[in-house]
Amino acid sequence: MTVPQLCPCARRHTPPITKAETDKHHSPPSSYPLAPGAVRRVDRVCVATHRRIHRLLNLYVRAGGTPDKAGLKGFRPIELELAAYSWANADHTGERLPYTLTDGVAESLPE
């Protein structure tokens, strides 16, 4: 019997993961303001991929856009795709700019 893959980060998780072991990841994250006309999508990913997407978004925040090639090295295609989508669909013009994560706590960037 083939178990359906619930997380797009890898061909398969060993052992297979259940729906209860996945997180809903919002792209852009729920705390990001949406750009005009943008759509927030929701994907189910494993906990590790969810955390890695937010780590990658930290690099986007620090770089003020797409990080350099060296910063992207080691991230999986799904992580690169969702982070790029998040950044492209976030509103960077308003007062509420995207946040960064420090030790797992959401914080505003200093002004």
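Source: prediction; values computed, not measured. Starting from 1, each residue takes its place in the sequence as its number.
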Could you state the interatomic distance from [atom1] ([X]) to [atom2] ([Y]), rounded to the nearest 0.5 Å?
X   : Y   : atom1 : atom2 : result
L82 : H25 : CG    : NE2   : 5.5 Å
R52 : C46 : CZ    : SG    : 9.0 Å
D43 : T22 : CG    : OG1   : 11.0 Å
F75 : L59 : CZ    : CG    : 5.0 Å
H54 : T49 : NE2   : OG1   : 11.5 Å
L56 : S86 : CG    : OG    : 9.0 Å

Taking the inter-plane angle between the rings of W87 and Y32 on a 0 to 90° scale, is it parallel (under 30°), tilted (30 to 60°) or perpendicular (over 60°)?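 Perpendicular.
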In terms of hydrophobic clustering (I, L, V, M, F, W, Y; side-chain heavy atoms under 4.5 Å; direct or indirect links), are Y85 and L80 co-clustered? no
Is it true that a side-chain atom of R41 and a backbone atom of H26 form a donor plus acceptor pair closer than 3.5 Å? no
Looking at every heavy atom in both L57 and A83, which two are closest together, and how far apart are they? CD2-O, 3.7 Å
Derivation of the side-chain contact (heavy atoms from CB on, under 4.5 Å) call for R40 and L34: CA-CA 7 Å; R40 194 176 318 273; L34 276 176; 3.3 Å; yes
